[in-house]
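As a basis for the values below, the full set of heavy atoms in this structure was taken, side chains included, without hydrogen atoms, waters or symmetry mates.
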Amino acid sequence: MLGRDVNVLAGSFNSEWNRASVRQQLGISDYNFPGKVVGYIKGNGPASSDRWKILYEDGDETMDEETLKTSNAPIKLPHVGIAWLKTWLVGPYPEVPVPEPPVRQRRLPAVDAASSDSDSDWDCDIDEELEEEQEDFEEEDGCSDGEEEASEVVGDEEGEEKIQGFGDAEHCFKWSQVADEVVQDQRVLDGGSTDTWLPRLRWDESLLDENVMNTNYLKYFLLFFPVLLLPAWTAMMQAKGQKRYGDAFISGKRTLSVGLFLCWLGIWIYMLVNPGLQRHEYWNTTPDPLKIVPSTHNLKTLCTLSRHDFDQILSVFSLPTYDSRSNFVGADSADSCGAPSGTPSPDPLAHVRRFFYACNERWGKVFKPGTFFCLDESMFKWLGRFRMPGWMKVGRKPDSIGHDELKTMACAACKVLFKFELQEGKIPDNAKKFVAQFGATTALTLRMLEPFKSVGYVLIADSWFGSVKACLLLLSWGIYSILNVKTAHKFFPKQRLLSALKDKQKGEHVCFPAAVNMFPSRPKKTIFAVAHKGPGNMSKKHKASTAWGKDAVGVPLLLVSSVGSTLPGVTRHYISHVPDPAAPGMMNITKKQVNQPVVVAFWRLIFHIIDGLNRQRTGTVAMHDVWRTQSWENRDFGELLLIIIINAFNVWKFCDQVGKAVQAAVLAGKKVQPQQQFFHTFATSFSIILF
């Protein structure tokens with residue numbers, strides 16, 4: 001097969017349908033194509049097409065039909081326990097076909113997401129005398145993705161506004177013509193209370209037995225990991241390794257078991273908390289005397305995987321995928337499973353989609369969030385030679401180049417990320433639920449919150465998700481929200497708020513409430529638009545956009561809310577950095593405070609939760625610094641694996657007695673590193689417990 005001539009359409013190589021044409025010409029079945037395409041050599045061909053010689057990284061190996069046959073009988077799994085994890089082979093396994101390699105695309109120039117809103121306003125903790133500070137208030141060109149562009153005043157603000165709801169419902173409202181205060185929470189007016197509830201762990205849905213429940217760290221990891229995928233997953237890699245290496249796949253003629261695979265994952269985490277070495281140095285029996293700090297790591301004493309075994313498993317690693325010959329039964333399932341309805345065909349994310357969906361399903365089963373949600377974006381860094389699906393550049397992000405922003409949602413109480421949605425590109429995303437009726441941005445917010453209707457949850461989100469439309473539609477579902485509004489200001493009294501706030505002092509606010517007729521037969525509800533002037537200083541451009549003049553001070557924060565009130569809230573404390581005129585280049589640091597209403601205090605307390613989780617995931621040394629790969633699928637898995645471990649760590653701090661004690665020591669100012677301790681103990685726990 002290597003170097004065979006094939007005909008492909010001009011300029012179309014690297015596309016999925018073209019690879020299907022290659023398979024057809026060479027007589028290869030769809031699932032019998034393990035080689036990775038690494039290059040093309042142009043040959044001679046007719047004018048309508050080019051002739052290419054296709055090169056493979058893994059040679060011309062193929063699998064016989066007997067190996068590719070699968071059993072129709074579903075796998076009957078016991079509860080996930082220590083004995084189950086210790087097994088060298090959990091059987092009976094079906095023979096699982098090796099998935100075809102991913103489509104590789106050439107790196108194209110990055111697309112800058114200039115139309116997206118800027119990140120949250122951390123810069124407000126700067127005094128107005130610092131002229132070079134970054135502005136919180138930004139007036140960007142265009143609107144949030146998927147929202148209609150709005151003029152400064154859209155519709156008749158003097159009259160009644162209408163927003164189309166679900167079905168034939170219309171939500172009518174009218175903003176107050178004079179500034180007024182909101183003194184009672186809408187939750188109380190709806191017959192509820194302002195009491196909050198804490199998140200819960202559903203151990204009964206986790207399939208973990210008593211032996212695992214007695215462990216300190218492993219149980220929290222397995223709670224969030226899609227464990228039902230493990231038997232067929234390890235069997236798939238075992239079949240691939242057996243085909244490629246025979247009995248030399250793993251030393252001692254062992255079979256890749258669930259326990260060995262988890263130990264392999266633990267080694268990656270061990271490398272993450274002990275960075276700075278070449279991979280082979282982690283198995284050194286004697287330190288290198290030429291190093292300034294000689295390595296003392298010897299994984300041979302911690303686990304039964306040698307460096308050779310580790311590299312062999314890495315060479316055959318791939319994620320479980322959907323089987324086109326089966327029906328969809330759930331991504332987090334031990335059975336063979338087809339893709340869900342609505343999956344693109346061909347699917348550029350086929351090699352990660354099932355694992356990502358399985359994580360979402362698993363988290364939804366075992367974790368019930370608390371009252372407050374935070375909705376924001378996350379990115380997976382990618383600088384590889386092959387372009388990953390959804391790859392883009394977002395300059396405002398710390399890791400600005402990588403997988404397009406994942407929209408993620410976290411519980412504000414325990415900081416657990418429990419739901420996310422892949423961004424697949426404009427065309428696939430526009431075909432998703434609610435987009436045709438409400439626009440892409442509002443539709444995404446609705447899809448993320450749909451499983452939580454009629455419970456009384458409260459959503460806090462930044463300006464990418466913030467609009468009056470989203471606030472009203474969520475309220476019709478019984479979900480309250482506090483949303484930052486910047487560019488998606490249709491139906492929002494933005495100019496009236498800014499005009500009324502112009503002459504206010506720092507810490508003051510302006511509020512315009514509106515009575516909303518959600519449904520004709522039900523009482524009206526209240527939403528309100530609020531503008532608060534915080535510390536900081538805007539640039540000349542942004543001063544001009546607010547029409548406040550060149551001497552304006554303070555930074556406005558615009559919110560639309562269906563919960564909370566404008567009564568005085570918790571005072572905000574911040575640190576001012578002012579240049580010292582007596583010492584050029586030095587700063588005077590002063591502790592200051594500013595007043596804020598309850599609704600602003602709510603928003604500022606929660607809006608940065610996912611930003612903190614992203615920093616917690618990347619840290620000083622991130623998974624992409626340890627697992628250096630040319631496979632974007634491996635990068636996505638490594639980043640999501642770290643999210644699972646961060647979730648386990650945050651739940652451990654919130655629920656476990658030892659974790660609570662450690663967190664109390666941190667709050668007391670003691671010099672402890674709970675995350676470092678958790679990661680190190682977690683990485684070695686697989687070997688200690690399983691072997």
Side-chain angles (χ1 to χ4, degrees), residues 143-144 147-148 150-166 169-192 194 438-439 441-442 445-446 456 458-461 463 465-501 504 508-532 556-567 569 597-600 602-603:
C143 299
S144 297
E147 297 289 351
E148 298 179 18
S151 60
E152 291 187 359
V153 179
V154 178
D156 182 11
E157 290 191 358
E158 301 295 327
E160 189 176 62
E161 303 279 9
K162 292 183 180 180
I163 289 181
Q164 183 66 39
F166 297 97
E170 286 187 343
H171 308 312
C172 305
F173 64 99
K174 180 180 179 180
W175 295 109
S176 172
Q177 297 304 306
V178 295
D180 197 1
E181 300 297 329
V182 176
V183 298
Q184 197 163 12
D185 198 304
Q186 183 61 48
R187 292 176 290 178
V188 176
L189 297 176
D190 288 340
T194 57
F438 302 117
T441 305
T442 302
T445 305
L446 295 175
V458 180
L459 173 69
I460 309 294
S463 58
F465 309 92
S467 66
V468 176
K469 184 198 302 184
C471 182
L472 287 179
L473 292 174
L474 290 174
L475 187 59
S476 70
W477 275 356
I479 300 174
Y480 305 96
S481 59
I482 306 174
L483 308 176
N484 184 209
V485 178
K486 288 184 182 175
T487 55
H489 48 76
K490 188 175 182 179
F491 306 114
F492 187 74
K494 180 176 179 179
Q495 295 304 320
R496 289 172 55 195
L497 285 169
L498 292 176
S499 298
L501 192 67
K504 299 287 185 180
E508 296 183 340
H509 68 275
V510 178
C511 175
F512 291 105
V516 184
N517 186 9
M518 301 295 296
F519 302 101
S521 59
R522 299 182 185 178
K524 291 185 177 181
K525 296 179 182 292
T526 300
I527 65 172
F528 55 99
V530 62
H532 176 260
L557 172 66
L558 306 181
L559 300 175
V560 58
S561 176
S562 59
V563 69
S565 70
T566 57
L567 296 175
V598 171
V599 64
V600 174
F602 269 154
W603 189 83

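The shortest side-chain heavy-atom distance between K524 and V516 does not fall under the 4.5 Å cut-off. Side-chain contact between V182 and C511 is present, with at least one heavy-atom pair separated by less than 4.5 Å. Under the 4.5 Å side-chain criterion, counting only non-hydrogen atoms from C-beta, L189 is not in contact with K525. A heavy-atom distance below 4.5 Å is found between the side chains of S476 and H171. At least one side-chain heavy atom of L567 sits under 4.5 Å from a side-chain heavy atom of V183. Counting heavy atoms from C-beta on, the side chains of R496 and Q177 come closer than 4.5 Å. Between V188 and T194, some side-chain heavy-atom pair lies under the 4.5 Å cut-off.
For the residue pair G564 and D185, the shortest heavy atom distance occurs at N-OD2, 3.1 Å. In plain terms, the two heavy atoms of S565 and V598 that are nearest each other are O-CB, 3.5 Å. Smallest separation of non-hydrogen atoms from F519 and A169: CE2-CB, 4.1 Å. Across M518 and L475, no two heavy atoms sit closer than the pair CE-C, 4.0 Å. Summarising the geometry of A179 relative to F512, their closest heavy-atom pair is N-CE2, 3.5 Å, with the distance given to 0.1 Å. Nearest heavy-atom pair, H532 versus P597, reported as atom, atom and distance to 0.1 Å: CD2-CD, 3.6 Å.
Going from atom NZ of K486 over to atom CG of L557 covers 8.5 Å, rounded to the nearest 0.5 Å. Of the inter-residue distances, the one linking K174 atom NZ with N517 atom CG reads 14.0 Å to the nearest 0.5 angstrom. For the atom pair NZ of K494 and NE2 of H489, the computed distance is 4.0 Å after rounding to the nearest 0.5 Å. The structure places CG of L473 at 7.0 Å from OG1 of T442, a figure rounded to the nearest 0.5 Å. To the nearest 0.5 Å, the span separating CD1 on I163 from SG on C172 amounts to 9.5 Å. From F173, atom CZ reaches atom SG of C471 across 9.5 Å, with rounding to the nearest 0.5 Å.
Taking the centre of each ring, Y480 and F602 stay at or above the 6.0 Å mark. Ring-centre distance between W175 and F528: not below the 6.0 Å cut-off.
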Step by step, would you call S562 with I527 a side-chain contact (heavy atoms from CB on, under 4.5 Å)? CA-CA 4 Å; S562 59; I527 65 172; 4.0 Å; yes

Apply the test side-chain contact (heavy atoms from CB on, under 4.5 Å) to residues T445 and L474: give CA-CA distance (whole Å), side-chain angles for both, the deciding distance (0.1 Å), then the verdict. CA-CA 9 Å; T445 305; L474 290 174; 4.1 Å; yes

Please step through side-chain contact (heavy atoms from CB on, under 4.5 Å) for the pair L483 and L559, ending with a clear verdict. CA-CA 6 Å; L483 308 176; L559 300 175; over 6 Å; no

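With sequence neighbours excluded, the residues forming a side-chain contact (heavy atoms from CB on, under 4.5 Å) with A531 are L497, L501, L558, listed by chain and number. Residues that satisfy the salt bridge (Lys or Arg N to Asp or Glu O under 4.0 Å) test with D180, not counting sequence neighbours, are absent from this structure.
No hydrogens or angles considered: a donor-acceptor pair under 3.5 Å links the side chains of T566 and E181.
Formation of a donor-acceptor pair under 3.5 Å by the S467 side chain with backbone atoms of A470 is found in this model.
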